[in-house]
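Report on the structure given below.
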Amino acid sequence: MTPLIAPHMLALRPYEPGKPEEEVRRELGLESIVKLASNENAFGATPRVTEALASGHWNPHRYPDPRTYDLRSALGVHHGIDRDEIILGNGSNEVIDFLYRVCVSGDDHSVFGRPSFSCYQIGAIAEQLPHTAVPLRDRVHWDVGALIDAVAPATRLLFVANPNNPTGGYIGESELRRLLTEVPEEVLVVVDEAYVEFADADDFTPATELRGLRERLMVLRTFSKAYGLAGVRVGYGIGPRELVADLNRLRAPFNVNTIAQRLALVALEDQAHLERTVRATIEQRESLRAALSERGLEVAPSQANFLLVALPRPGREVFQALLHEGVIVRPMNPPLEDSIRVTVGLPEENARFLKAFDRVLEGPA
Ligand code: PMP
């Protein structure tokens with residue numbers, strides 16, 4: 001029989017998520033596990049989320065609000081924009097999907113970085129779109145000139161993650177202004193700010209503040225990282241209302257469920273909790289980075305809640321050895337196969353990681 005999978009889909013390497021704790025427990029029979037693999041907020045969401053969940057006023061037999069009115073209204077106030085400039089997704093991942101499915105076709109071309117968030121490439125392959133993956137400088141730092149140079153007459157989408165995953169690098173304000181003004185106006189520039197809350201560099205400016213520089217700009221945000229709601233699945237895009245209306249053509253009416261809409265609203269309202277946990281994460285990020293650098297390892301400076309660590313041994317080998325110590329980190333694909341990505345955890349989790357890491361690196365290669 002002919003295979004059911006379309007030939008171009010064979011080029012897709014499925015997204016490799018962080019290994020779940022339950023899986024490690026099952027496979028290795030370990031009880032105590034530390035997961036530092038998916039860039040979640042180790043300090044968790046505001047306790048108001050747990051209270052809201054326990055309140056039980058959910059009416060699960062009713063469909064969710066298809067227009068996510070309350071959440072979009074609150075986000076509108078939060079960002080000082082109109083609610084119709086916001087599209088909500090089942091995670092920001094879904095918004096990336098919308099962009100690929102709605103905005104491009106045929107020979108349209110897309111541009112993104114390498115290494116960067118793998119879903120930009122997955123979208124291009126799935127849509128059979130010509131694309132250019134622009135190498136980062138020294139594998140870590142954005143090269144805005146090269147991104148601009150990669151734009152061709154057929155380019156319709158350009159993705160940058162700022163700060164970037166998995167490197168933690170960022171585009172400072174002047175280079176971001178350059179990108180937003182020099183990329184030809186027909187191109188939709190997508191600035192994915194999944195980690196924006198953790199960026200504290202003096203010259204970091206969110207693209208939400210530079211929207212006046214270009215019409216075709218979409219900024220992606222998520223509740224999965226700093227807000228601590230990765231399991232709830234809410235993300236959103238901010239863009240011109242015509243684009244939002246076009247993306248809504250494809251969006252399933254109930255893509256964000258009732259509980260997700262409510263919990264995102266509750267999390268958004270507790271900015272004090274967000275700020276506290278972000279501050280604690282940044283503190284931990286810097287002390288973990290110092291501890292790893294003291295060991296003579298190359299650790300990329302990070303504006304996010306994770307660190308990319310270059311190793312003297314293949315990253316997958318170290319990842320496997322750490323699993324046996326009950327510590328889950330993230331192995332990397334080429335060109336970062338000599339590295340692991342470590343999410344910043346609670347102080348005690350980071351201490352446990354360092355101990356396990358020392359044992360693994362001292363052990364036989
Ligand atoms: N963008 C970036 C840069 C990410 O790292 C991630 C998650 N790893 C996402 C988007 C998707 O996040 P979510 O779908 O949970 O909002």
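Read the numbers this way: they start at 1 and go in the same order the structure lists the ligands and their atoms. Values reported hereafter were calculated over all heavy atoms of this structure, with side chains retained and with hydrogens, waters and symmetry mates removed.
Residue Tyr195 has at least one heavy-atom neighbour below 4.0 Å for each of these atoms of ligand 1: 3 (C), 4 (C), 5 (O), 8 (N). When each atom of ligand 1 is checked for a heavy atom of Ser224 under 4.0 Å away, the hits are 13 (P), 15 (O), 16 (O). Interface of Lys225 with ligand 1, defined as ligand atoms under 4.0 Å from a residue heavy atom, comprises 7 (C), 8 (N).
At the top of the distance list for atom 6 (C) of ligand 1, counting protein heavy atoms only, stands Phe117 CZ, 3.5 Å. In terms of protein heavy atoms, atom 12 (O) of ligand 1 is closest to Ser92 OG, 3.4 Å. In this structure, the protein non-hydrogen atom closest to atom 2 (C) of ligand 1 is Asp192 OD2, 3.4 Å.
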side-chain hydrogen bond (donor to acceptor under 3.5 Å, both in side chains) evaluation trace for Arg316 with Asn333: CA-CA 9 Å; Arg316 262 178 210 274; Asn333 289 321; 3.0 Å; yes
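Using cut-offs of 30° and 60° on the angle between ring planes, the pair Tyr195 and Phe198 is tilted.
Contacts with ligand 1 closer than 4.0 Å are made by side-chain heavy atoms of Asn165 only, the backbone lying farther away. The side chain of Arg233, and not its backbone, has at least one atom closer than 4.0 Å to an atom of ligand 1 (non-hydrogen atoms only; side chain from C-beta on).
One side chain, Thr208 or Arg221, offers a donor N or O that lies under 3.5 Å from an acceptor on the other. Side-chain contact annotation: Thr277 with Asn41, donor-acceptor N/O pair under 3.5 Å present.
Ring pair Tyr236/His79: centre-to-centre distance below 6.0 Å.
With a 4.5 Å cut-off on side-chain heavy atoms, Leu176 and Leu180 count as touching.
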